Amino acid sequence: MAAPLSTALDIYFSGHHSDVKRTSLSRKWLRQNMSKKFAICCGTSKSTPKAHPTSEEPGTKGASLSEQLKPLSNITLSSPTTEQSHVLSKPKSIWVNPTKPKRTVLSLQRQKRTSHSYNPQIRDLKRFAQKLNDCDDSEGDFLAALEEIPQPLTRDNALLVLNSLRPWQKAYLFFNWLKSRNLFPLETIFYNVTMKSLRFGRQFQLIEDLANEMIENKIELDNITYSTIISCAKKCNLPDRAVHWFERMYKTGLMPDEVTYSSILDVYARLGKVEEVLNLYERARATGWKPDPITFSVLGKMFGETGDYDGIRYVLQEMKSLGVQPNLVVYNTLLEAMGKAGKPGFARGLFEEMIESGITPNEKTLTAVIKIYGKARWAKDALELWERMKNNGWPMDFILYNTLLNMCADLGLVEEAERLFEEMKKSEHSRPDSWSCTAMLNIYGSIGDVELAMELFEEMSESGIALNVMGCTCLIQCLGKAMQFDDVVRVFDISIEKGIKPDDRLCGCLLSVVSLCEKSKDEKKVLACLQQANPNLVVFIKLVVDKKTSFETVKEEFKGIMSNAAVEVRRPFCNCLIDICRNKGLQERAHELLYLGTLFGLYPGLHNKTADEWCLDVRSLSVGAAQTALEEWMGTLTRIVQREEQLPELFLAQTGTGAHKFSQGLGIAFASHVKKLAAPFRQREDKVGCFVATRGDVVSWVQSQLPSAAATT
DNA sequence: TTAGGGTTAG
């Protein structure tokens, strides 16, 4: 039988592929169709999958709600099956009768809470509940204290007490006591209140036990029950259980209201199932639902997680077209999302719009915006905002303090950071912690001030602030650059002793320190550290620096090392390995490594070609890797000239000015290598870190390198 | 927490 709830949307959205193309397609589709009252065709295939409806939705009349909803839970929520992929691969143009109302997927009415009348005993009961809260946690003491309960213990009185008990253990004990006394039937609300308490204690198993008990005793589970179960599963990082209960809800014929619905949207969003979220969202919208700001916050966060700028704009556009005014949380979420999508300009606009609308930013807003300005290196905007924060007395907390410190590190604002750090020391609620110290170590590392970095390191152990893995990395990097290898080893050993677990970034840092060692005794010491952190990496280094190792072996092992490393450290790993080889005069191996790095996609955008201009962009390369890339490029150009193939008018090599104002070494080293190779590039005066050559320059350079060729022309 | 959903740090 045809799936009753199926519409064009079922076929279009039933896929479980989360690739970007489909997601953006879905959204595009959503954008175009949201306001239309009927579904339109969405496929071109001529064949009709039997399992799906064509122009009608047959078989829905008289079907139970549970049956009607089955396809939704099966098609939308469960894992993909061959049948579904079949459906997906053969979409069919279909029309849905516009006069037929959309089948609902959520109840537009939020579940009403029962109102209770004023309880004249409220003061006595509150006092009694307080006494229970104050008594010892042991079951015996609690039950003894219960003997003094004000009489009579009516349903309402019991509920009031249950609601006032905390922590969860006491509420749970009281609930079980009520059950054993059998004074009155324990209806849904008693379970809901108890579950709420259990949720605070993250006791998902107990909540699930209670839910099963309700089912067994035929006590109705309502929207509040389900949303409590789902949000607890989410809190306990058990998305599968959240989905399970959501599906069960449909199967039993209970329609979720918007609270339950947005809660499950959030579950899917956190699982990264963008398409499912959009599917559910669209379906609900199509039945006339006007989502509230919480839903938009969920969507905004989801798009932020994938840095999906179009998605964020879609959320804004939806809110605008539905006349939903963003609240503080929505603004915060969208600002955060804009940051993740790398759109500082739009974030700034949104922030100003928020202020304009009369909303006062809180700590989270300011943390998001300061972070964005810092990462974008917008010093002017960051400092202006900081000033505004002070002038307006906007709220600060220690996360915001630490974010300001990180911003200072990003912008190289050393004095400002030091002032702020001192201010934190004097403050009552925002004393420096590991994060603050890490930011300072980062700053001292960036300006290469080993003394200040080590001073802070000692100060930390005196004041009992633990060094974390990132602080350790910053400090070791700083010591390495200062060639203080014994201190590198000392800091590393202390860190391990104190229980720091080395991560890939720390390994990358140690690897870069290895590349700085000039004496073999230093190299040995640092390699011994690396041996503890990542023995495989040490094995690989030995293999690579051994001339006898074949390229095929290097390639195989390279693959293993890189696939085991976090994505963000793969390129730095490769850069350092190239540096190590070059330092040992193993140029050929360095070229092989650069080739492998390129092969495995670690250097996207290294070469950029247009008809008029070829560009070598070495901005993300280390000195050795950049030199290797330049040699490689000159070799390629030589071959092209010799073969008399087409060349563009202009050649460009970019080193950039260094991502950080303290790291400008690459341009200098590159320039000297250009000179050494007598390559025809000259540094542009108007643009630092940019080297240019014309076609004529390159051709004559090649000819000068090949005297015999020059003689014949 | 006063029966249920959303937002801050390398």
Side-chain angles (χ1 to χ4, degrees), chain A residues 110-116 122 125-126 129 159-168 171 187-201 221-232 234-235 242 256-267 269-270 291-302 304 315 326-337 339 361-372 374-375 395-407 409-410 433-436 438-439 441-442 468-474 503 505 568:
Chain A
R110 203 183 273 214
Q111 184 182 321
K112 294 264 186 303
R113 297 186 187 197
T114 48
S115 59
H116 49 267
I122 188 159
L125 290 163
K126 284 269 177 189
L159 203 47
L160 212 147
V161 172
L162 181 62
N163 208 6
S164 314
L165 290 178
R166 52 203 54 120
W168 65 270
E187 323 134 42
T188 306
I189 189 168
F190 283 89
Y191 282 87
N192 289 351
V193 174
T194 310
M195 283 186 184
K196 181 193 65 169
S197 204
L198 291 170
R199 198 190 50 178
F200 273 104
L221 282 78
D222 63 13
N223 258 285
I224 295 175
T225 322
Y226 279 111
S227 61
T228 310
I229 298 170
I230 289 168
S231 62
C232 181
K234 196 159 63 178
K235 216 174 175 181
D257 67 8
E258 71 172 333
V259 175
T260 318
Y261 207 73
S262 62
S263 187
I264 203 71
L265 285 183
D266 189 39
V267 172
R270 281 165 202 243
D292 67 0
I294 292 181
T295 310
F296 289 117
S297 173
V298 167
L299 294 182
K301 184 174 180 189
M302 174 180 80
V315 173
N327 63 16
L328 179 61
V329 177
V330 171
Y331 273 119
N332 290 351
T333 313
L334 291 176
L335 285 168
E336 181 83 8
N362 68 4
E363 299 88 333
K364 290 177 174 124
T365 324
L366 299 166
T367 297
V369 181
I370 284 289
K371 186 176 149 192
I372 290 167
K375 293 279 163 267
M396 291 275 278
D397 64 3
F398 77 102
I399 294 181
L400 182 49
Y401 265 109
N402 285 344
T403 306
L404 284 166
L405 282 180
N406 283 325
M407 178 269 282
D410 285 331
D433 66 349
S434 299
W435 289 71
S436 331
T438 301
L441 288 172
N442 190 9
N468 61 24
V469 65
M470 191 183 171
C472 171
T473 307
C474 292
D503 61 4
R505 284 171 195 249
E568 72 268 18

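Values below: every heavy atom of this structure, side chains too, minus hydrogens, waters and symmetry copies. This one's a predicted model, so the numbers in the text were calculated from it and none came from an experiment. Chain identifiers are assigned alphabetically (A, B, ...) following the order of the sequence lines, protein sequences preceding nucleic acid strands; residue numbering begins at 1 within each chain.
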Query raised in the report: Heavy atoms under 4.0 Å, any strand shown: does Y191(A) hit a base, just sugar-phosphate, or nothing?
Result: nothing

Query raised in the report: What is the nucleic acid contact for T438(A), judged by heavy atoms within less than 4.0 Å: base, sugar-phosphate only, or nothing?
Result: base

Query raised in the report: Within this structure, what is the CD-to-C1' distance between Q111(A) and dA3(B), rounded to whole angstrom?
Result: 9 Å

Report task. In whole angstrom, give me the gap between the P atoms of dG5(B) and dT1(B). Result -> 12 Å

Report task. Please determine, for the side chain of S263(A), which listed nucleotide (dA9(B), dG5(B), dA3(B)) has the closest atom? Result -> dG5(B)

Report task. Report which part of the nucleic acid N468(A) touches: base, sugar-phosphate, or nothing (heavy-atom distance under 4.0 Å, all strands). Result -> base

**Report entry** V259(A) side chain, from C-beta outward: closest of dG4(B), dG6(B), dT1(B)
**Finding:** dG4(B)

Query raised in the report: Does R270(A) have a side-chain nitrogen or oxygen under 4.0 Å from the phosphate oxygens OP1 or OP2 of dG5(B)?
Result: no

Query raised in the report: At under 4.0 Å between heavy atoms, what does T225(A) touch on the DNA or RNA strands: base, sugar-phosphate, or nothing?
Result: nothing

Query - Distance in angstrom units between N163(A) CG and dT2(B) C1', rounded - result: 4 Å

Query raised in the report: Between N362(A) and T365(A), do the side chains contain an N or O donor and an N or O acceptor separated by less than 3.5 Å?
Result: yes

Report summary line: To the nearest angstrom, the CD-P distance between E258(A) and dG6(B) comes to 13 Å

Requested in this report: Please evaluate the base of dT7(B) for a donor-acceptor partner in the side chain of T333(A) within a cut-off of under 3.5 Å?
Outcome: no

Report task. Determine the contact category for T365(A): base if any of its heavy atoms lies under 4.0 Å from a base atom, sugar-phosphate if only primed atoms, P, OP1 or OP2 are that close, otherwise nothing. Result -> nothing

**Report entry** Nearest-angstrom distance from the residue atom CG of L265(A) to P of dT7(B)
**Finding:** 13 Å

Query raised in the report: What is the distance, rounded to the nearest whole Å, between atom CG of N362(A) and atom P of dG6(B)?
Result: 16 Å

**Report entry** Heavy-atom side-chain proximity of F200(A) to P167(A) below 4.5 angstrom
**Finding:** no

Query - S231(A) versus S263(A), side-chain donor and acceptor atoms under 3.5 Å - result: no

Query raised in the report: Rounded to whole angstrom units, what separation is found between the CD1 atom of I230(A) and the C1' atom of dG4(B)?
Result: 10 Å

Query raised in the report: Reckon N327(A) touches a base, only the sugar-phosphate, or nothing at all at heavy-atom distances under 4.0 Å?
Result: base

Report task. Give K126(A) one of three labels, base, sugar-phosphate or nothing, depending on what nucleic acid heavy atoms sit under 4.0 Å from its own. Result -> base

Report task. Give a yes/no on whether any side-chain N or O of R166(A) is located under 4.0 angstrom from OP1 or OP2 of dT1(B). Result -> no

Report summary line: With the side chain defined as heavy atoms from C-beta on, M470(A) is closest, among dG4(B), dG10(B), dA9(B), to dG10(B)

Query raised in the report: Is there a donor and acceptor pair, one atom on the side chain of D292(A) and one on the base of dG6(B), closer than 3.5 Å?
Result: no

Report task. Give the nucleotide from the list dA3(B), dT8(B), dT7(B) with an atom nearest to the side chain of D397(A). Result -> dT8(B)

Report task. Assess whether salt bridge (charged side-chain N to carboxylate O under 4.0 Å, His left out) is satisfied between R505(A) and E568(A), documenting all intermediate values. Result -> CA-CA 8 Å; R505(A) 284 171 195 249; E568(A) 72 268 18; 3.6 Å; yes

Query raised in the report: Mind checking whether F190(A) and L162(A) have side chains closer than 4.5 Å, heavy atoms only?
Result: yes

Query raised in the report: In whole Å, what separates the C1' atom of dT7(B) from that of dA3(B)?
Result: 24 Å

Query - Passing option when T260(A) is tested against D222(A), N223(A), T228(A), T225(A) for side chain to side chain donor-acceptor pair (under 3.5 Å) - result: N223(A)

Query raised in the report: To the nearest angstrom, how far is W435(A) atom CH2 from dA9(B) atom P?
Result: 8 Å

Query raised in the report: So, does N402(A) use its side chain to make a donor-acceptor pair with the main chain of L405(A) at under 3.5 Å?
Result: no

Report summary line: From the candidates dA3(B), dA9(B), dG10(B), the one with an atom nearest any side-chain atom of R505(A) is dG10(B)

Report task. Kindly point out which of dA3(B), dG5(B), dT8(B) is positioned nearest to the side chain of K196(A)? Result -> dA3(B)

Query raised in the report: Hey, does the side-chain of T260(A) have a donor or acceptor N/O within less than 3.5 Å of a partner on the base of dG4(B)?
Result: yes

Query raised in the report: So what does D266(A) hit on the nucleic acid, given a heavy-atom distance under 4.0 Å: a base, only sugar-phosphate, or nothing?
Result: sugar-phosphate

Report task. Please work out if S262(A) contacts a base, only the sugar-phosphate, or nothing of the nucleic acid, heavy-atom cut-off 4.0 Å. Result -> base

Requested in this report: Ignoring backbone atoms, test whether K112(A) places a side-chain nitrogen or oxygen under 4.0 Å from the OP1 or OP2 oxygen of dA3(B).
Outcome: no

Query - Minimum-distance nucleotide to S164(A) side chain [options: dG4(B), dT8(B), dT2(B)] - result: dT2(B)

Query - Options dT7(B), dT8(B), dT1(B), nucleotide nearest the side-chain atoms of V329(A) - result: dT7(B)

Query raised in the report: Is the closest side-chain heavy-atom distance between D266(A) and R270(A) below 4.5 Å?
Result: yes

Query raised in the report: Between K301(A) and dT7(B), does any side-chain N or O lie under 4.0 Å from OP1 or OP2?
Result: yes

Query - Nucleotide nearest I224(A) (side chain, heavy atoms from C-beta), chosen from dA3(B), dG5(B), dT2(B) - result: dA3(B)

Query raised in the report: Does R110(A) put a side-chain nitrogen or oxygen below 4.0 Å from OP1 or OP2 of dG4(B)?
Result: no

**Report entry** Interatomic distance, L159(A) CG vs dT1(B) P [rounded to whole Å]
**Finding:** 18 Å

